[in-house]
Amino acid sequence: PMWILELRSCRFLAANEAAFRLYGFTADEFMTLTARDLMLPAAASGVLRDLCQPCRGGQSRGIWQHCRKDGTLIDVEITAIDLMFADAPARLMLANDISRRKRQEMELRKTHRLETIAQVAGGVAHHFSSLLATIEGHTRTLLERPLDLKSAAQLEHISNAVNRATGLTRQLPAAGGRQTLQPG
């Protein structure tokens, strides 16, 4: 998609068929718009600031979020060059739709983040399991000796708490996404 934009009014002076298709407008509709009409209201001041900056040679003007006719947002990387068109200062702009690439990058970051969480959860579960096994082993050893009822009851409470903690520890890999959660 390409268009020529009059710098003073921000209105479109010319555009190609790819621009009409990408944004979902007919040629007549598109040519009645201004650059601000493709932007979210919050970004309009940024567009105006950018248009005030000279653009010599084919320069990247960054990534902008544009609005299509149906309201969907797309991310476009803008390359531009200033020129004179019909005796008016204008800018030729090329919009490269990078929406798919940005979605793929976001999905990849999300996948990496989930993998990291799963690794951490698995490591924590392994270390807790080792600690709990040690506590449970010593508790069982003490319970095998003759004890008064109060001490035996306390050791049973410790053993029960260790068993509950072991059950929770087994759920950590599920929290990290490595396995399904089992009811406790």
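Numbering starts at 1 and runs along the sequence shown. Here the structure is a predicted model, which means the values were calculated and not measured.
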side-chain contact (heavy atoms from CB on, under 4.5 Å) assessment of L73 paired with L40: CA-CA 9 Å; L73 297 177; L40 294 172; 3.7 Å; yes
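Annotation: the span from N16 atom CG to R21 atom CZ amounts to 7.5 Å, rounded to 0.5 Å. For the atom pair CG of L142 and CD1 of I158, the computed distance is 8.0 Å after rounding to the nearest 0.5 Å. The OH atom of Y23 sits 3.5 Å away from the CH2 atom of W3 when rounded to the nearest 0.5 Å. Between the CD1 atom of I74 and the CZ atom of R68 there is a distance of 6.0 Å, given to the nearest 0.5 Å.
In terms of the side chain to side chain contact (heavy atoms under 4.5 Å, CB included) criterion, residue partners of A165 (sequence neighbours excluded) are, by chain and number, L132. With sequence neighbours left out, the side-chain hydrogen bond (donor to acceptor under 3.5 Å, both in side chains) criterion links D75 to no other residue. Residues satisfying the side-chain hydrogen bond (donor to acceptor under 3.5 Å, both in side chains) criterion with T141, sequence neighbours excluded, are absent altogether. Among residues two or more places apart in sequence or in another chain, the side chain to side chain contact (heavy atoms under 4.5 Å, CB included) test is passed with D37 by L33, T34. With sequence neighbours excluded, the residues satisfying side-chain hydrogen bond (donor to acceptor under 3.5 Å, both in side chains) with S99 are D97. When the side-chain hydrogen bond (donor to acceptor under 3.5 Å, both in side chains) test is applied to E29, the partners found at least two apart in sequence or on another chain are T26, K69. For F25, the ring pair (Phe, Tyr, Trp, His ring centres under 6.0 Å) test picks out no residue, with sequence neighbours left out.
Counting side-chain heavy-atom gaps under 4.5 Å among Ile, Leu, Val, Met, Phe, Trp and Tyr, the cluster of L94 also holds M2, I4, L13, I81, L83, F85, L92. Other residues sharing the hydrophobic cluster of I63, ordered by chain and number and joined by side-chain separations under 4.5 Å: I98.
Judged as a salt bridge (Lys or Arg N to Asp or Glu O under 4.0 Å), the pairs with a partner in residues 142-168 (not counting sequence neighbours) are, in order, R140-E156. For residues 39-50, the pairs satisfying salt bridge (Lys or Arg N to Asp or Glu O under 4.0 Å) are D50-R61, D50-R91, with sequence neighbours left out. Residue pairs satisfying the side-chain hydrogen bond (donor to acceptor under 3.5 Å, both in side chains) criterion with at least one member in residues 121-132, sequence neighbours excluded, are absent.
Not a single donor-acceptor pair under 3.5 Å links the side chain of S159 to the backbone N or O of L155.
Other residues, nucleotides and ligands contribute only 12 or fewer heavy atoms inside 6.0 Å of the CG atom of L149. Within 6.0 Å of atom CE in M106, 12 or fewer heavy atoms from other residues, nucleotides or ligands are found, so the atom counts as exposed in its surroundings.
Judged purely by distance below 3.5 Å, without hydrogens or angles, the side chains of E136 and T139 never pair a donor atom with an acceptor atom. E77 and S60 are not linked by any side-chain donor-acceptor pair at a separation below 3.5 angstrom, with hydrogens and angles left out of the test.
Pairing each heavy atom of A19 with each of A15, the nearest pair is CB-CB, 4.3 Å. Summarising the geometry of L51 relative to C10, their closest heavy-atom pair is CD1-SG, 3.3 Å, with the distance given to 0.1 Å. Looking at every heavy atom in both residues, A43 comes nearest to W64 through O-CZ3, 4.2 Å. Across every non-hydrogen atom of T32 and D28, the tightest pair is CG2-O, 3.3 Å. The minimum heavy-atom distance between T169 and A125, with the atom names listed, is CG2-O, 3.2 Å. A pairwise comparison of heavy atoms in M93 and A80 identifies CG-CB, 4.0 Å as the closest pair.
Screening P54, P89, C52, C55 for a side-chain contact (heavy atoms from CB on, under 4.5 Å) involving L7 leaves a single residue, P89.
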